[in-house]
Amino acid sequence: MKSYLGIDLGSTTSKAVLLDENEQVIGRGITNTRANYDVAVEVARREALADALLSRVLGPLGERGAEAARAFRFEGDLHRLRQLRQTCRSVASAIPGDGARLVPEMDTLMARVVDVADELFGGGARDRGAFFRDLVGARFYSALDEACARGQLDFDRLSGIYDRAILQVENQLDEVPFIDALEAALRRTPSIDAAEREATLRTGIDAVRHPPEIAAMVGTGYGRARLPFARECIRSEILCHGMGAHAMFPATRTVLDIGGQDTKAIQVDGAGLVTGFQMNDRCAAGCGRYLGYIADELNLALQELGPLALTADKPCRITSTCTVFAGIELRDLLAVGEKRENVLAGLHRAIVTRAMSLLARSGGVNDQLTFTGGVAKNPACTGALTELVSRHYGPRTINISADSIYTGALGGALFARRDLRVPDVTEPTKECATCID
Amino acid sequence: MHRLTTAGIDIGSSAIKVAVVDEEADGQITVRSAVSERIRRRAPAQVLGLIFERALAEARVGAAADLAYIASTGEGDVAQGLRTGHFYGMTSHARGGLILEPRARTVLDVGALYARAIQVDEHAKVLSYRMTSQCAAGTGQFVENIARYLGVRLDEVGDISNAAQRAEPVSGICAVLAETDVINMVSRGIATGEILRGIHESIAQQLAKLLRAARGKGPVLMTGGLAADAGLRAALTRRLGEDDKAPEILSHPRSLYAGAIGAAAWGAFRHRKLERAAPIDQEAGLA
Amino acid sequence: MIQKEQSMETQKAMLAGYFGRLATAQRDHRPVVYTFVPGNLTELLSAFDVIPVYPEINALQSGMRQRSDGFIREAERAGHSEDVCSYVKCDLGMMMKGNLGPTGEAIPPPDLLLCSFTGCFVFMKWFELLREQYGCDIAMLHVPYQGDGKLTPAMRAYVVEQLEREVIPKLEKIAGRKLDQARLEENLARSARAEDDLVHVFESAKARPSPIDAYFAGVYYIGPIFTSFRGSQDACDYYAALRREVDERRAAGLGPVTPDGPMAQEKYRLVIEGPPNWTSFRNFWKIFYDEGAVAVASTYTKVGGVYDTGFRHDPRRPLESLADYCLGCYTNLSLPARTELIARNVREYQADGFLFHSVKSCNSFSAGQLHMMREVERLSGVPGGFIESDLVDGRYYSHANIKNRVESYLQMLGSRRGAAGTTSSASAAPPASPQLHLPVHS
Amino acid sequence: MTATPPTTAEAARPLTTLLADLEASHRSLGMERVRSWKAAAPERRAIGCLPVFAPREVLWAAGALPVFIRGGGDQLETIRGDAYYQSYICRLPRSTLELGLGGWLDALDGMIFPNTCDVIRNLSGVWSSLFPAKLTRFLDPPQAGDQAAGIRFWRSELSALYRDVCALSGREPAPEALRAAILAYHQARRAARRLEAARIETPWRFPVDETYLLRRAGDVMPPLEWARLVDDYLVAAGARTVRPEDRIRVLVQGAFCEQPPLGLLRALERAGCYVIADDLTLGHLDSDDPDPDPGLDPLQALAEAEMVGRTASAVRYDAQGDRGRCLAAEAKRLHADGIIFAAPSFCDPALLDQPRLTKALGDAQVPYTAFKYAENTGQFQSIREQAGTFADSVKLWGHA
Ligand SMILES: Nc1ncnc2c1ncn2[C@@H]1O[C@H](COP(=O)(O)OP(=O)(O)O)[C@@H](O)[C@H]1O
Ligand SMILES: Nc1ncnc2c1ncn2[C@@H]1O[C@H](COP(=O)(O)OP(=O)(O)O)[C@@H](O)[C@H]1O
Ligand code: SF4
Ligand code: SF4
Ligand code: SF4
């Protein structure tokens, strides 16, 4: 089976989408972007392939299959958690002098994380879009904070060890083989009996022998210039977002993408071709990272922010435009007794307000608007956007897909599928079309 | 005149610093204790309570009531109820800076979120100053983020940077975007030291601008958390060296406490003044 | 080896002569007047044998020579804000460092500051600052802005009256003699001739391929006529020669000459609005010619006078035509008039697109440019692009950013043309996919 | 200070309600005062004027209420207005456009853009193409070195404007109407001067945020009505028993166009200053009183007042080159302890003027400090700290 791969190496997350010849999505993969781009891309790609295989193998089992798929991912996480614990030990023991003292302290902390692995990774936590790094980090730091509050431990030392260890673990590619993980996952799924397990495993082995053959691929995103791809296989993320949004919602004429560190407003025509765009770079104010900071500041997980903000009864006015200062303003507001949800609602609104300016600059919202990028997963942002768009432009259809974060990668895959048609005028491209420096 | 014992509390955005000092009859200041504690997501008032006691204990002062004056600086409201009066950040950093290093004619305070350049005369009189606002590019928070990403401890940052042969240029100056730049650099295989040195160059550029705007003259004493960063000091020296009259860049082991020490010293000054004058404006004070 | 047109060599020699004259001005007892490019009264000045100095030109020269950043730093240290026009700071910084011109010779102090206050608010502030430094007089010529889109008789009368009552008397005072009306008229007649040739050169860009780049090379073409040479025989000769040179290239079907040699293929024709960045001028240009993009028209080449709509200096009505010239400078036009001009250029020069370069320094150019862009899109039906940097403050020129945007913009023009036209080649073979490893060990 | 005002209905209001009303109408962007004034008669018109100059007498004589538009303040969410501007530019044109596009300025029948700087200059073009149905006028107050030429030009500009606005309101141009308007604005200017004098004398009774609100009300009120309001306030606030605090007396300079938020003004005083004078609402005291002599052509009188008697500022040509020295002398005359330069970010006129002024202040040994702001600044921490340090340093070392 021929397939087409789109890779979006974003500043925060790396995404992969696999299409079949009918331009249907057969697999998606996502991971957080990390220092080793090759690893990030490889992880995303493997996830997409695994996703395609899993849906082939487990798809027929319906809900029970979905359960098994979750268990499959759980296996991967457990494996990485074991690696992390081990790495923490070795980093700590390498510290001259205090190593001997730090190893057991670190190990105790890690044990508290391992103890709650079920709770961390189970229950579909990963489906909601949290990454291993975030889940484990949050847990580790709350354990550390707790221990330090009792005044027993050296915060800076231990957090340093942890930071170093997680970096190491993230940047190595070491996974449980597909079949092993599948087998373990099936065992963990009580609704699947032994016979069914055997049969499924056999389809699994067969699937692995005949994986989707990747006929073409296109890379895009912030880090695209670093992708190990031929130059013709790289497209500006503006073009990919436009194309991807068009594929999901053909009537869309405006695309708003809010990613980790930039915001783009794109106007497209009836074929998904870009007619104009505006982007903000230079300053991270009002992008996804802003929310990351806030989540850190409040000790919340990223996915919890939006729902909490939605419970606000009287949103605050937030004026800080700087991502870093917003954290301070938040602290100040909480200190004077503002409710957390009201402050959060204000923060979300501030982000969307900035995006509205960009939208206006790109030409406004004259027809259907599609909201893409990671921030489109945040219900408070989508809510604020809906309200502001209708206030300033009148009633407009706003499309938001559950898979909005994959829009760029989808656009890339579509360019790959459509045989990378490059108009004469730009051929041959002497130099890489993109530069991120 | 008699000896006075006073305390200064410097409430920063990332850490609280407390100093207890003696002012002799001749105006000489001796620091009895200086302590600091990171706030780290705790309520600042709670942190203050914690370390104020510690500062008193280290200074062998029995109780707050034994102090002639308790001066706050920085986000002073946190110390409401405890303080006698308040001095603004640059006033106290100027004084504290000169107590630590009498030769200094400019104090450059670089904390977690703000940077301030203060030009002073030999009596710690503030002649002119500039401070950053709105944008946290080029301050401590930024270094912390990067160090954390690189898995380097803050107190190692300076030496690693100084050991590097070259600096990897950082294009953006944004505290947040630079982080992604750094991810990118690591991915290109750039050595940690070169990245840090690039970061230091970029902060130094910001600080040089600030110094220029405040018309800072030498010698420059660095205060605040980043004064401890030898890599930044070296970068700043290099950067200013491009100008004709490059000032000398100094630091002091107690640079972090300059604000607290300065506030405590002003507290003594104010106490004597209030003692002399009819005590009318005690409340209006300097707050 | 950097490629140059013959005319550039001529221009270089002219400039060297000019700076030589300046260097000996004091010895030769020739008065020196500082003034601005827009609304400059060169014909009047040379009728008095006064040598003009253009601080703007000095600033851009410093930028191209990589000295501006140091000058700006110097000015900021003296208390000038980071937010304001970098030309002013560059000029002041240069002065603080000895006022050495681009040839290394000192530029003499002014005997008079002739503020042709047209098209830019900063001019007034700039000369107020210079007056402080040099302690000399200002001749203030207020040229009203054509805000409501037209040049009224009251405006013209106001400018003429100021020429008569403020400018000429002050020039007579420093020159020590009366105005020589005949010389002024001769100068104006020569100006008109050179102006004809310049217009011809710029209009040659209507050819395909265009024999010139009307922005990056255009800034050289306007050099003599926008500065101290307008109305001189040297300028007439220069433009006649330039015209021949360009006509030859056009006849031969050649494109513009870039620093890397003749341009290979014209792929995109662009109209560009806004001044260029000078600190990375060569690199900035390279982004364009590497992609086969040629500027066929630009507005920056109209800052010292808009000639393509028919205006010429006129010896028969000397002061009125000088007044009309001052009133008609590009940046003294209303935004709708500027918009109209750009849209017309897009049409007449058959441009594929147009690009706005917004410079931080210059509100005169940049405030409202995004609106202008939308309007030009509406009028011309062609999508526009937008980039930001600065004139001579290198800190605001981010090459990576600009390159990314310009290339995305050109890619967009390309993909739209590809989709609309028949050029799409279905034959382009899908590229070989890189080696893939499955995450399984079966 | 002598203020012997006529008592009015407004005077019956206690000070607190008066102030609360002023603040409420300042915060609401809806121009209720303008609407209600217009509602009283169908032929009434209102014309918006951008900082810093409004031809108030000419508009008033033509039957139009002059309304100062000074940006959108911190209450307005600027979204569409941002679409027209690049990054490195002040906020004023963005929020002004937002006001226009959002319908907040619908009560106005036209807009006047004076040549204050290139931003406002260019805004006139954007405005005319966005709102073609309404009167848009660009005015270029004379900056000539030659006064006679300037007066002649300005008279012809005012005359054309007068004719056009009269046409808008259906009035016949008449010299008497102009003279009456000149006299009405004498009253307004005098009230403004009384207010200034009161602040200088006992600034603790007249905090800057209050006088500022009062002046902003003057932006949208008929002249005589406003003069009465000022006097009501002066009586009520003058009767306060407040103890003066240990604060320094400062002049604020450079904030004549885009306005700082109210919170910023409060932060300044809270940080230990009394703002005894400022150029926030330049335009209320634009020039000397034009001569109302019935023997004189009133347009000529207005043109002369503008050319000869106008208030010095960063946006007017400083023909004598002595603005810095005048400012230093002013500071001494008012017993100010120092000057705070507060300028909007990216504001050409204010920022380009500063070095010249600070040099003169330095020579005259008048202490000063400087910072920048934006109309929607929400955090005053760093401003409080800078102003506070300034106050500290004046207090601790006295002034030279
Ligand atoms: N599940 C989620 N819920 C809420 N926000 C999310 C979620 N996942 C990602 N985000 C937001 O999306 C941002 C990343 O967006 P993305 O489009 O992946 O950026 P990039 O392409 O720049 O890497 C994060 O910073 C975060 O704020
Ligand atoms: N040893 C160190 N080396 C380098 N930087 C340090 C060190 N200790 C603290 N810092 C930096 O100093 C900053 C805190 O400085 P501080 O002056 O206390 O700031 P604030 O007053 O704003 O809280 C931290 O953000 C950290 O980056
Ligand atoms: S304002 Fe904040 S987010 Fe923006 S560039 Fe500065 S540090 Fe970055
Ligand atoms: S603002 Fe623009 S026109 Fe004015 S001096 Fe600067 S660059 Fe020239
Ligand atoms: S704030 Fe300054 S730059 Fe902006 S419009 Fe007003 S005067 Fe012009």
Side-chain angles (χ1 to χ4, degrees), chain C residues 78-81 83-85 88 115 117 120-122 124-126 128-129 131-132 138-142 144-149 152 154-155 157-158 161-162 164-167 170 331 334-339 358 360-372 374-375 386 388 390 396, chain D residues 83-90 93 97 113 115-126 128-130 136-140 142-146 148-150 152-154 156-157 160 314-315 317-319 321 323-324 343 345-356 358-359 370 372:
Chain C
H80 291 269
S81 165
D83 288 359
V84 301
C85 175
V88 180
C115 184
F117 185 48
C120 168
F121 177 84
V122 171
M124 179 169 88
K125 297 277 117 186
W126 190 341
E128 284 177 356
L129 286 162
R131 172 177 55 194
E132 205 100 324
I138 299 184
M140 180 70 180
L141 173 65
H142 175 207
Y145 177 63
Q146 292 196 32
D148 297 328
T152 64
M155 292 176 178
Y158 178 40
E161 192 176 353
Q162 293 180 78
E164 287 167 349
R165 296 176 50 105
E166 167 94 356
V167 178
K170 285 190 171 165
T331 44
S334 71
L335 253 55
R338 280 168 60 186
T339 307
S358 171
K360 167 181 171 286
S361 277
C362 186
N363 283 333
S364 174
F365 256 106
S366 312
Q369 263 177 332
L370 278 160
H371 175 69
M372 287 172 66
R374 290 286 158 252
E375 288 292 295
F386 195 84
E388 288 185 78
D390 190 44
Y396 292 92
Chain D
Y84 299 86
Y85 290 97
Q86 72 278 18
S87 345
Y88 302 112
I89 196 172
C90 63
L97 281 174
F113 297 83
N115 199 356
T116 294
C117 68
D118 292 335
V119 173
I120 291 184
R121 186 197 77 170
N122 287 4
L123 180 59
S124 71
V126 177
S128 66
S129 75
L130 288 176
T136 301
R137 252 331 238 286
F138 178 79
L139 282 185
D140 210 338
Q143 308 270 20
D146 182 68
R152 232 186 310 278
F153 173 67
W154 195 231
S156 82
E157 292 291 286
V315 306
Y317 174 49
D318 178 12
R323 210 168 100 65
S345 293
F346 303 110
C347 177
D348 280 342
L351 293 170
L352 282 163
D353 231 26
Q354 252 179 44
R356 225 156 55 86
T358 53
K359 186 171 170 301
K372 294 185 286 187

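Just the heavy atoms: all of them, side chains too, but no hydrogens, waters or symmetry mates, feed the values below.
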| request: Measure distances from D/A148 to the heavy atoms of chain C and classify the residue's part below 4.5 Å as side chain, backbone, both or neither. | output: both
| C/S81 versus D/Q354: any side-chain heavy-atom pair under 4.5 Å? | no
| Do D/Y88 and C/S358 touch side chain to side chain, with heavy atoms closer than 4.5 Å? | no
| said: Quick check for you: among D/T358, D/T136, D/D348, D/L123, which has the greatest number of heavy-atom pairs under 4.5 Å with chain C? | reply: D/D348
| Do C/F117 and D/Y317 make the cut of ring centroids closer than 6.0 angstrom? | no
| query | Contact part of C/C120 toward chain D, heavy-atom cut-off under 4.5 Å: side chain, backbone, both or neither? | reply | both
| message | Regarding D/D140 and C/H142, do their side chains bring together a donor and an acceptor under 3.5 Å, going by distance alone? | response | yes
| task | Please flag which part of D/A319 lies under 4.5 Å from any non-hydrogen atom of chain C: side chain, backbone, both or neither. | result | backbone
| field | Side chain / backbone / both / neither for C/I138 at chain D, heavy atoms under 4.5 Å | value | both
| task | Not counting sequence neighbours, which residues clear salt bridge (charged side-chain N to carboxylate O under 4.0 Å, His left out) with D/R137? List them please. | result | C/D148, D/D164
| Side-chain heavy atoms of D/S87 within contact of C/K360, under 4.5 Å | no
| note | Those residues at least two apart in sequence (or on a different chain) that pass side-chain hydrogen bond (donor to acceptor under 3.5 Å, both in side chains) with C/E128 are C/K125, D/R356
